[in-house]
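Encoded as structure tokens, the structure appears first; notes follow it.
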Amino acid sequence: MKTYERIYKIVKKIPKGKVATYGQIGQMLNLNPRVVGWALNRLAKYKPNTKGQKQDNIPWQRVINSKGGISTNKLMNIPLGLQQLLLEKEGIVFNENKKINLRKYLFKH
DNA sequence: ATGTTGACGCATG
DNA sequence: CCATGCGCCAACA
């Protein structure tokens, strides 16, 4: 099983209304956080997907950085503000600095 | 086989 | 608070 598949598997377990950080997921799988970011980036980049593996229904928006902020806003792939919008639709509240309260929303496994 | 690329995180100034 | 710097490592080309 590819590493990115193991990452997707964990991401799918994050409940609606909760989030996980790249570092947190990395810790669960004993991977560098960058690899987690790489795997999610892969979703947007290789959308049609190599090998017909199922990579739909992956709630990528529920993964944020360790400061409680959004890391996708400078990417060409993803529309500006999309991730925050998706999270807000799940009931997550952002403060005036575009950060969320990790104490409140962090997914504990 | 080899070089490059990040949706990171932490330390430091 | 902001800005760099760099270690990290799977996948890709």
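Naming convention: chains lettered A, B, ... in sequence-line order (proteins, then strands); numbering from 1 in each chain. Everything numeric in this text was worked out from a predicted model, so none of it was measured.
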Exercise for the section: Evaluate side chain to side chain contact (heavy atoms under 4.5 Å, CB included) for A:Asn77 paired with A:Asn41, printing each intermediate quantity in order. Expected result: CA-CA 9 Å; A:Asn77 287 337; A:Asn41 172 52; 3.3 Å; yes

Problem - Working for side chain to side chain contact (heavy atoms under 4.5 Å, CB included), residues A:Ile7 and A:Val35 - result: CA-CA 9 Å; A:Ile7 292 170; A:Val35 176; 4.2 Å; yes

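Residues A:Arg42 and A:Tyr4 approach most closely at NH2-OH, 3.1 Å, considering heavy atoms. Nearest heavy atoms, A:Lys108 versus A:Arg103: NZ-O, 4.5 Å. Minimum interatomic distance between A:Leu31 and A:Thr3 (heavy atoms only, all atoms of both residues): CD1-CG2, 3.5 Å. Closest non-hydrogen pair, A:Tyr8 versus A:Ala39, comes out as OH-O, 2.8 Å. Of all the heavy atoms in A:Gly23 and A:Pro33, the pair that sits closest is CA-CG, 3.9 Å. In plain terms, the two heavy atoms of A:Thr21 and A:Ser66 that are nearest each other are CG2-CA, 4.1 Å.
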Sort me out a list of protein N/O and nucleotides 11-13 of chain B N/O pairs below 3.5 Å, or just none if empty.
none

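For B:dC8, the OP1/OP2 oxygens have no side-chain nitrogen or oxygen of A:Ser66 closer than 4.0 Å. At C:dA11, one or more side-chain N or O atoms of A:Thr3 fall inside 4.0 Å of OP1 or OP2 (strictly under the cut-off).
In this structure, A:Glu5 atom CD and C:dA10 atom C1' are separated by 13 Å, rounded to whole Å. Computed from coordinates, the A:Leu43 CG to C:dA11 P distance equals 13 Å when rounded to whole Å. The CD1 atom of A:Ile7 sits 11 Å away from the C1' atom of C:dA11 (whole-angstrom rounding). The distance between atom CZ of A:Arg42 and atom P of B:dC8, rounded to the nearest whole Å, is 17 Å. For A:Leu40 and B:dC8, the CG to P distance is 10 Å, given to the nearest whole Å. Look at NZ on A:Lys2: it is 11 Å from P on C:dA10, rounded to the nearest Å. Atom CH2 of A:Trp60 is separated from atom P of B:dC8 by 13 Å (rounded to the nearest Å). For the pair A:Tyr4 OH and C:dC12 C1', the interatomic distance rounds to 11 Å; values are reported in whole Å.
Of the residues in residues 17-39 of chain A, those placing a heavy atom less than 4.0 Å from an atom of DNA chain C are A:Asn32, A:Arg34, A:Val35, A:Trp38, in numerical order. Within residues 75-100 of chain A, the residues approached by DNA chain B to less than 4.0 Å at the level of any non-hydrogen atom are A:Leu75, A:Ile78, in residue-number order.
Heavy atoms of A:Asn41 sit under 4.0 angstrom from at least one base atom.
Remark: the backbone N or O of A:Gly81 is paired with a side-chain donor or acceptor of A:Asn73 at under 3.5 angstrom. Formation of a donor-acceptor pair under 3.5 Å by the A:Asn97 side chain with backbone atoms of A:Lys99 is not found in this model.
Heavy atoms of other residues, nucleotides or ligands lying less than 6.0 angstrom from CD of A:Glu88 number more than 12.
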